[in-house]
Chemist: 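Following this message is one structure expressed as structure tokens.
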Amino acid sequence: MANKKIINLSKQRNKKLAKKILKMLRVPIVILVVLSAIFLSARLLGNVAVSNITDTLREVKTVFVKGEGYPHAVDAFNFREVTAIGSKPFIISDDSTQVLSKSASEMFSMQLVSGDSKAVSKNGRALIFSNSSNEVILQSRTEKLGSVEENGSVVTAELAKNGYFATSYAYDEYQSVLSVYNRYFEKVFQWNCSQERISSIGLSENGRNLAVTAVGTENAEIYTRLLIFNIGSTEPEADITYKGTLFLKVVYTDSNKIIAVGDNRAVVLDKNGETFDELVYSEDSLIAVCTDDSGNVVVCHEEFGGSKTAVVRFAKNGKKTSLITVDGVPECIAASGGRTAVASGNEITVYSSNGKESKKIETEHLVTDIFWCAGSIYTVENGHIYKY
């Protein structure tokens, strides 16, 4: 009888121990299963998704590396700009790029050769190019992914969500050469433009369709051609000329609308080149243009001789959703989804997609730059990056 009791107690202890072990392993097993599912899904979606998952796994260690937090000081002599790469702040300096964590510790840095580098960021990647260099570099949040070298200095470049990217440069008898590369850095499209210079490129979400603005002069009058291509052919599907307008920015939205913004007008087209909407304003009154990853566009232009500024938002579907009028000229603006942040002096006002004021933020100093990152507003003030 005693032996039977001991055996029963032993079984109970074993059951309790097994439950404890299962409880301890439950969280790691769930995490492993979830990560495996994400990784398999990412492989089906392509190498951009795989790259983002890889970045996320590498970023785990940064949770245990605490930085000094924000405000974060920047080198005033080398600093060029700061934006977001995925969910992290991304600094471009004369000699390097730097990705910061939520606590402002350095997650990744990469050396640069050119001192006038610019960056285009989308879907967790950044394309770095320079008007004095023929090299274009693609990086993620945690590594350099690769590069290409063109036959001339790159004038402008663009990045698609799926990892395709486009460049433009001048070469020999051509005013502009347009190239599109796939995710494996293979050239899949080239168009030579002999008469005009390409001012901006817009890529569709899958990188297979693009809109191009090319600027020229005729009889001392400026004009811009807006061309729409499919990378399967060098013959444009649409070629529209706008006389008297210098288009500076063209966006190919996730809803397959094309929004081009110039010095005296903004136009919205469908993918076939049919005009969807148009906004006309005084010549040379354009103040700023900002976009987000999906192709929502905010246009700022002067009104009443500069005493007021009109802030107009176009959604990615091409519809004009709001018109806000603010006093004076704002220092900078930033767009993210349905939100627009307008910085004037020591104050940031956040507006919803329909133009209603949703929040006001008092800043420590005069704001000289602003961007959205992971739902938070970041600013550059007095040589520091602030987070609000």
Side-chain angles (χ1 to χ4, degrees), residues 118 120 131 155-158 166 168 170 175-176 178 191 193 195-204 209-229 236-253 255-292 295-306 308-325 329-330 332-335 340 342:
K118 308 172 183 66
V120 180
N131 298 150
V155 176
T156 188
E158 186 54 83
S168 171
Q175 292 286 337
S176 292
L178 173 67
W191 177 66
C193 183
Q195 300 297 323
E196 298 88 18
R197 285 189 177 272
I198 292 173
S199 60
S200 182
I201 308 167
L203 285 175
S204 64
N209 298 282
L210 62 155
V212 180
T213 55
V215 179
T217 57
E218 186 176 27
N219 299 324
E221 183 183 26
I222 199 165
Y223 68 90
T224 302
R225 291 170 66 194
L226 196 159
L227 304 101
I228 303 171
F229 291 95
E237 297 185 341
D239 186 349
I240 308 159
T241 298
Y242 296 87
K243 293 185 178 180
T245 298
L246 169 62
F247 281 111
L248 304 168
K249 180 70 176 176
V250 63
V251 178
Y252 207 118
T253 79
S255 298
N256 290 321
K257 290 293 188 295
I258 295 159
I259 304 175
V261 183
D263 60 344
N264 57 16
R265 72 172 73 185
V267 295
V268 182
L269 312 173
D270 65 20
K271 62 181 180 180
N272 300 313
E274 296 296 324
T275 301
F276 183 81
D277 197 0
E278 184 173 34
L279 172 70
V280 179
Y281 36 87
S282 300
E283 189 171 359
D284 298 324
S285 65
L286 181 69
I287 297 170
V289 184
C290 68
T291 67
D292 63 13
N296 300 296
V297 177
V298 177
V299 180
C300 288
H301 65 87
E302 291 180 354
E303 283 191 331
F304 307 108
K308 302 279 186 181
T309 296
V311 182
V312 186
R313 180 184 183 272
F314 291 93
K316 64 180 182 180
N317 62 6
K319 293 182 179 179
K320 194 185 304 173
T321 64
S322 67
L323 168 58
I324 308 158
T325 301
V329 177
C332 42
I333 59 170
T340 302
V342 180

Chemist: Return yes when atom NZ of K118 has more than 12 non-hydrogen atoms of other residues, nucleotides or ligands closer than 6.0 Å, and no otherwise.
Modeler: yes

Chemist: Are any non-hydrogen side-chain atoms of I228 and N209 less than 4.5 angstrom apart?
Modeler: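 Heavy-atom side-chain distance check fails, nothing below 4.5 Å.
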
Chemist: Rounded to the nearest 0.5 Å, what separation is found between the CD atom of E196 and the OG1 atom of T217?
Modeler: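 The distance works out to 9.0 Å.
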
Chemist: Between SG of C290 and CZ of R313, what distance do you get to the nearest 0.5 Å?
Modeler: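 The distance works out to 10.0 Å.
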
Chemist: Where do E158 and L203 come nearest, in terms of heavy atoms and distance?
Modeler: O-CD1, 3.8 Å

Chemist: Looking only at atom types and distance, does a side-chain atom of D270 sit under 3.5 Å from a main-chain N or O of N272, one as donor and one as acceptor?
Modeler: yes

Chemist: Over all heavy atoms of both residues, which pair between G202 and V250 is shortest? Give the atoms and the distance, please.
Modeler: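 Taking every non-hydrogen atom into account, N-CG1, 3.6 Å.
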
Chemist: Looking only at non-hydrogen atoms, find the nearest pair between A260 and L226 and report the distance.
Modeler: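 Heavy atoms of A260 and L226 come nearest at CB-CD1, 3.6 Å.
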
Chemist: Show, in sequence, the C-alpha distance, side-chain angles and deciding distance for I324 and V342, and conclude whether the side chain to side chain contact (heavy atoms under 4.5 Å, CB included) test is met.
Modeler: CA-CA 10 Å; I324 308 158; V342 180; 5.8 Å; no

Chemist: For residues Y252 and I258, determine if any side-chain heavy atom of one lies less than 4.5 Å from a side-chain heavy atom of the other.
Modeler: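 Side-chain contact under 4.5 Å: yes.
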
Chemist: Less than 4.5 Å apart, any side-chain heavy atom of I198 and any of W191?
Modeler: yes

Chemist: Determine whether V312 and H301 make a side-chain contact, defined as any pair of heavy atoms from C-beta on separated by less than 4.5 Å.
Modeler: yes

Chemist: Could you tell me the separation between the CG atom of N264 and the OH atom of Y242, rounded to the nearest 0.5 Å?
Modeler: 12.0 Å

Chemist: Donor-acceptor pair, distance only, cut-off 3.5 Å: does the side chain of D263 make one with the backbone of D284?
Modeler: no

Chemist: Any ion pair linking K319 and D277 (charged N to carboxylate O, less than 4.0 Å)?
Modeler: no

Chemist: Between R265 and E278, does any side-chain N to carboxylate O distance fall below 4.0 Å?
Modeler: yes

Chemist: To the nearest 0.5 Å, what is the distance between OG1 (T291) and NZ (K316)?
Modeler: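 Between atom OG1 of T291 and atom NZ of K316 there are 13.0 Å.
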
Chemist: Quick one: closest heavy-atom pair of G295 and I259, and the distance?
Modeler: O-CD1, 4.0 Å

Chemist: Just verifying a value: how many Å separate L279 CG and F314 CZ, rounded to the nearest 0.5 Å?
Modeler: 5.0 Å

Chemist: Hey, are the side chains of T309 and P330 touching, using non-hydrogen atoms and a 4.5 Å cut-off?
Modeler: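 Yes - at least one pair of side-chain heavy atoms lies under 4.5 Å apart.
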
Chemist: Would the distance check show the side chain of N131 and the main-chain N or O of V155 forming a donor-acceptor pair, the cut-off being under 3.5 Å?
Modeler: yes

Chemist: Determine whether V289 and V251 make a side-chain contact, defined as any pair of heavy atoms from C-beta on separated by less than 4.5 Å.
Modeler: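 A side-chain contact under 4.5 Å is absent here.
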
Chemist: Taking the side chain as everything from C-beta on, heavy atoms only, tell me whether Q175 gets closer than 4.5 Å to R197.
Modeler: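 They are in side-chain contact.
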
Chemist: Pick one: which of T224, L227, T275, L269 meets side-chain contact (heavy atoms from CB on, under 4.5 Å) with I240?
Modeler: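 One option only clears the test, and that one is L269.
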
Chemist: How far apart are the C-alpha atoms of N317 and T253, what are their side-chain angles, what is the distance that settles it, and do they pass the side chain to side chain contact (heavy atoms under 4.5 Å, CB included) test?
Modeler: CA-CA 7 Å; N317 62 6; T253 79; over 6 Å; no

Chemist: Please report the shortest heavy-atom distance between A335 and V298, naming the atom on each side.
Modeler: CB-CG2, 3.9 Å

Chemist: How many angstroms lie between atom NZ of K249 and atom OG of S200, to the nearest 0.5 angstrom?
Modeler: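 With rounding to 0.5 Å, NZ (K249) is 5.0 Å from OG (S200).
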
Chemist: Can you find a side-chain donor-acceptor pair between S199 and T213 that sits under 3.5 Å?
Modeler: yes

Chemist: Which pair of heavy atoms, one from T321 and one from A315, lies closest together, and at what distance?
Modeler: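 Closest pair (atom of T321, atom of A315, distance): CG2-CB, 3.8 Å.
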
Chemist: Atom CD of residue position Q195 - does it have more than 12 heavy atoms of other residues, nucleotides or ligands inside 6.0 Å?
Modeler: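 No, not enclosed.
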
Chemist: So do F247 and V267 actually touch side chain to side chain, heavy atoms under 4.5 Å?
Modeler: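 Answer yes - side chains close enough.
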
